[in-house]
Asker: 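Have a look at the structure that comes next, please.
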There are 4 protein chains.
Amino acid sequence: MRHKDENKNEAIFQATIQLLNEIGFSDISMSKIAKRANVSPSTIYVYFKNKEDMLGKLYTNVKQKMSTQILAGIDDTIPVKIAFERVLRNQIEFIFNHKDEFLFLEQFSNSPLIQNLCLEDPSWMFHPLFELVDRGREQKLLKECDTMLLLVLIHAPVSALVKQHFNGEFELNEKNIKDMIQMSWDAIKA
Amino acid sequence: MRHKDENKNEAIFQATIQLLNEIGFSDISMSKIAKRANVSPSTIYVYFKNKEDMLGKLYTNVKQKMSTQILAGIDDTIPVKIAFERVLRNQIEFIFNHKDEFLFLEQFSNSPLIQNLCLEDPSWMFHPLFELVDRGREQKLLKECDTMLLLVLIHAPVSALVKQHFNGEFELNEKNIKDMIQMSWDAIKA
Amino acid sequence: MRHKDENKNEAIFQATIQLLNEIGFSDISMSKIAKRANVSPSTIYVYFKNKEDMLGKLYTNVKQKMSTQILAGIDDTIPVKIAFERVLRNQIEFIFNHKDEFLFLEQFSNSPLIQNLCLEDPSWMFHPLFELVDRGREQKLLKECDTMLLLVLIHAPVSALVKQHFNGEFELNEKNIKDMIQMSWDAIKA
Amino acid sequence: MRHKDENKNEAIFQATIQLLNEIGFSDISMSKIAKRANVSPSTIYVYFKNKEDMLGKLYTNVKQKMSTQILAGIDDTIPVKIAFERVLRNQIEFIFNHKDEFLFLEQFSNSPLIQNLCLEDPSWMFHPLFELVDRGREQKLLKECDTMLLLVLIHAPVSALVKQHFNGEFELNEKNIKDMIQMSWDAIKA
DNA sequence: TATGAATGAGGCTTCATTCAT
DNA sequence: AATGAATGAAGCCTCATTCAT
């Protein structure tokens, strides 16, 4: 009996991400994905129960990959400000190296599919980030604000700016990155 | 050209927005929109050339509506900081009063449709905002950063937080709004 | 606006009956039916919700047609034995003139579809037959048996014999018809 | 040729019969059969050439089983009336003990598959029955009718009544069985 | 203007079967 | 012998759009 080919799984994921960024949810189809992945449409159903299942697993997979890279080199011994900057740099690096994955995540997160899919809450992936912010606040380095508020002030600007960059409406060069990091820090620092 | 029944046009727009937020681009269809709008599918083609055309016009229409309300009460005589806060409050108010429109805009903006549609650049709508930021920088009130950078630090956090609020992951009450405005200001102020 | 074409409905029904008798439930398909009926596959969905709905409505339609013709000329003034013979003759005539409809009914009745479809009980169609049998029993012309028992002894043999006839395993000529009617009568008569 | 594991063959047969009675020819599939039989789809192809082949062999197998049991205890020394009653009782007993097999046979016999499959004529299985009827007629116990006519009057009613019983439209209790046997006898007796 | 009827194209998924172990 | 992987063909149904009134 043949073995399941891990490459096929990945090929399907990559094809989906690419197509989703090229033509979007409205025009994607299982057969287009299959064609791009160089498999038969029915092969997708060997690996996934259906379209929803595939998209859900793809989302979780990519989210996982991103969180791992964003949190690289972060533990509770790293000084808060260093960790803060490292997280931002990690995020930028991940996004620049994985443009398609990032844009897929953004598209998916802003579509109702994500709720209708009833995926398990993936916030545990970012747990170290919550801890980092809590630690910073305890050390009086950060403002006495809701944790989520602080986190969003860190992450939202960079996401938005990278999208502008990809759209060509803005150039996220090193100077702008430095400025942005400074601004985020000014926003959250006590 | 103007059509007889402006209500039908609006009904189609509203039905589209609702359905898009309920089921997303992947599952929407002209028939479903027609059913929700209480018109015949063919009626949509009286008002619009085709699906793309309809979505494009809807996007422009909503974007216009939002920009108008966000910029309400802003002109170049208003002190920068007052204007800054007013813009943020306007934005929050618009979003809370037009949840569907806002979520539609977010979904649309993050889908590749927006590029494939070749809509004319709508940034002129926010021109007064650019002026406001430029004025603030000239008056040494704001940092010496790229205009876009400053703008994003104003808008991205509030958008992200409102979405968290709608998702139930965070409560955007008055205290948090105040904190957020303070943080945005700290981010951009000189 | 166009009008619904009653011919199309009937064409779909006839195509389905024919194909079902030619290739059976296992090989029939909506597109084959459409082709045979000279309509587009999607047109079928203008007239019926789905395949199940169509088959169910077809079954009811044919069953209705058959019961009407079988009961032609039967009322409670007709002497029981005359009515009995007339019913049998009617049934034979209907089946010979509507071979396809009859075979369709037999095929459908013996498939689990008929239960899974949850059609409303069509026994009311044969209500006059129940009355006839009851009358015959009251007049001591028929045996003191369960009504259903008497009815089955009337109908089952003729159905079985006609199928044999169509299969070529038996010739249902006038002599055999007469013999059969005599046997059925001997079976039920007091 | 004989296969190693006779159990698998039987498991496939049983799974097919069950599924055919649950969902019918239109919805059955080799995968579903395999799943129900707890084998792999490909295993079916070890035992049978293809789907048609499997169904044909199943039909013959079940038909054989039924005819054997119906004819149990019948030979040309048994008095005709005794044999007649024994056959009917055998038939009822078989059907009650093998509801699924019986219903499968009915479904199969009424579908065009049985002709399209070009199975060899299985009437030899019931040869003793033909002989019984011929003997009865020679002894002037039965009517001077076509053999098939007499046979059908014996078998058709019981089949029809059992189906009614399974459908819950009629209760085939001992009294009704006796009545039915009497009626069948009255039908065929000289 | 407004509409239900009509449709070819294409959606998702399952099919019967074969492959490779 | 036995099986899970793999697939082209085909299943049902819905799509965006046009037709005809």
Side-chain angles (χ1 to χ4, degrees), chain A residues 1-6 8-9 26-34 38-54, chain B residues 2-5 7-9 26-35 37-55, chain C residues 1-6 8-9 26-34 38-54, chain D residues 1-9 26-35 38-54:
Chain A
M1 145 190 93
R2 256 184 265 182
H3 283 37
K4 239 182 206 172
D5 186 346
E6 192 59 37
K8 286 217 169 74
N9 201 323
S26 56
D27 289 315
I28 209 172
S29 80
M30 293 303 259
S31 46
K32 284 178 189 161
I33 292 170
N38 276 319
V39 296
S40 161
S42 31
T43 301
I44 302 182
Y45 293 86
V46 173
Y47 291 81
F48 305 98
K49 199 156 54 92
N50 53 34
K51 196 183 183 185
E52 265 200 356
D53 180 47
M54 191 265 277
Chain B
R2 278 286 90 115
H3 291 288
K4 264 286 165 58
D5 192 344
N7 289 348
K8 284 219 168 66
N9 200 325
S26 57
D27 290 314
I28 210 173
S29 80
M30 296 300 258
S31 320
K32 286 176 187 165
I33 293 169
K35 197 159 286 173
N38 278 319
V39 298
S40 161
S42 8
T43 303
I44 303 181
Y45 291 86
V46 173
Y47 289 82
F48 306 98
K49 197 154 57 91
N50 54 32
K51 196 182 183 184
E52 266 198 356
D53 179 47
M54 192 264 277
L55 288 174
Chain C
M1 152 190 87
R2 255 185 266 181
H3 282 37
K4 240 180 208 172
D5 186 347
E6 193 59 36
K8 287 218 169 74
N9 201 322
S26 57
D27 288 314
I28 209 173
S29 81
M30 294 303 260
S31 47
K32 283 177 190 162
I33 293 170
N38 277 319
V39 298
S40 161
S42 30
T43 301
I44 303 182
Y45 293 87
V46 173
Y47 291 82
F48 306 98
K49 200 154 57 89
N50 53 34
K51 197 184 183 182
E52 265 199 356
D53 180 46
M54 192 264 277
Chain D
M1 93 188 156
R2 278 284 93 109
H3 290 289
K4 263 288 165 57
D5 192 345
E6 195 64 33
N7 289 346
K8 284 221 166 67
N9 201 323
S26 57
D27 289 315
I28 211 173
S29 80
M30 295 301 257
S31 320
K32 285 176 187 165
I33 293 169
K35 198 160 285 172
N38 276 320
V39 298
S40 161
S42 8
T43 301
I44 303 182
Y45 291 86
V46 172
Y47 290 82
F48 305 99
K49 197 154 57 89
N50 55 32
K51 197 183 182 183
E52 266 198 355
D53 179 47
M54 192 264 277

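Every chain is numbered from 1, with letters handed out A, B, ... down the list of sequences.
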Asker: If you take any heavy atom closer than 4.0 Å to DNA chain E, which residues from residues 26-35 of chain B end up in contact?
Answerer: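 Heavy-atom cutoff 4.0 Å gives no residues at all.
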Asker: Between Asn50(D) and Tyr45(A), who's closer to the 5' end of DNA chain E by nearest nucleotide?
Answerer: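 Going by which nucleotide is closer to the 5' end, it is Tyr45(A).
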Asker: CE of Met54(C) to CD1 of Ile33(C): how many Å apart, nearest 0.5 Å?
Answerer: 3.5 Å
Asker: Return the stems involving DNA chain F, sorted by first number, where pairs are Watson-Crick (N1-N3 with N6-O4 or O6-N4) or G-U wobble (N1-O2 and O6-N3), both under 3.5 Å, and runs are 3 or more long.
Answerer: E:2-21 with F:2-21
Asker: Mapping Glu52(C) and Glu52(B) onto DNA chain F by nearest heavy atom, which one lands closer to the 5' end?
Answerer: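 By nearest-heavy-atom nucleotide position, the 5'-most residue is Glu52(C).
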Asker: Tell me every residue that passes side chain to side chain contact (heavy atoms under 4.5 Å, CB included) with Pro41(C), counting only those two or more places apart in sequence or in another chain.
Answerer: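 Per chain and number, Pro41(C) pairs via side chain to side chain contact (heavy atoms under 4.5 Å, CB included) with Ser31(C), Ala34(C).
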Asker: Between atom CZ in Phe48(C) and atom C1' in dC12(F), what is the gap in whole Å?
Answerer: 16 Å
Asker: Which residues satisfy the side chain to side chain donor-acceptor pair (under 3.5 Å) test with Asp53(B), sequence neighbours excluded?
Answerer: Lys57(B)
Asker: Do you know the tightest heavy-atom contact between Asn50(A) and Met30(A)?
Answerer: C-CE, 4.3 Å
Asker: Under the rule for ring pair (Phe, Tyr, Trp, His ring centres under 6.0 Å), what residues qualify as partners of Phe48(A), not counting sequence neighbours?
Answerer: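 So Phe48(A) forms a ring pair (Phe, Tyr, Trp, His ring centres under 6.0 Å) with Phe13(A).
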Asker: Between the protein and nucleotides 6-8 of chain F, list every N/O to N/O distance that falls short of 3.5 Å.
Answerer:
from   : atom 1 : to       : atom 2 : distance (Å)
dA6(F) : OP1    : Lys8(A)  : NZ     : 3.2
dA6(F) : OP1    : Tyr47(A) : OH     : 3.4
dA6(F) : OP2    : Tyr47(A) : OH     : 2.5
dA6(F) : O4'    : Arg2(A)  : NH1    : 3.3
dT7(F) : OP2    : Thr43(A) : OG1    : 2.1
dG8(F) : N7     : Ser40(A) : OG     : 3.2
dG8(F) : N7     : Ser42(A) : OG     : 3.2
dG8(F) : O6     : Ser42(A) : OG     : 2.5

Asker: Look at the side chain of Lys51(B) and decide which nucleotide, out of dT17(F), dT13(E), dT18(E), has an atom nearest to it.
Answerer: dT17(F)
Asker: Taking side chain to side chain contact (heavy atoms under 4.5 Å, CB included) as the definition, give me every residue that meets it alongside Thr43(C), ordered by chain and number, with sequence neighbours left out.
Answerer: Lys8(C), Val39(C), Ser40(C), Tyr47(C)
Asker: Calculate, to the nearest 0.5 Å, the distance between atoms CD1 and CG belonging to Ile44(C) and Asn9(C) respectively.
Answerer: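 Answer for the CD1-CG pair, Ile44(C) versus Asn9(C), is 10.5 Å.
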Asker: Going by side chain to side chain contact (heavy atoms under 4.5 Å, CB included), name the residues that satisfy it together with Asp27(B), two or more places apart in sequence or in a different chain.
Answerer: Ile23(B), Lys32(B)
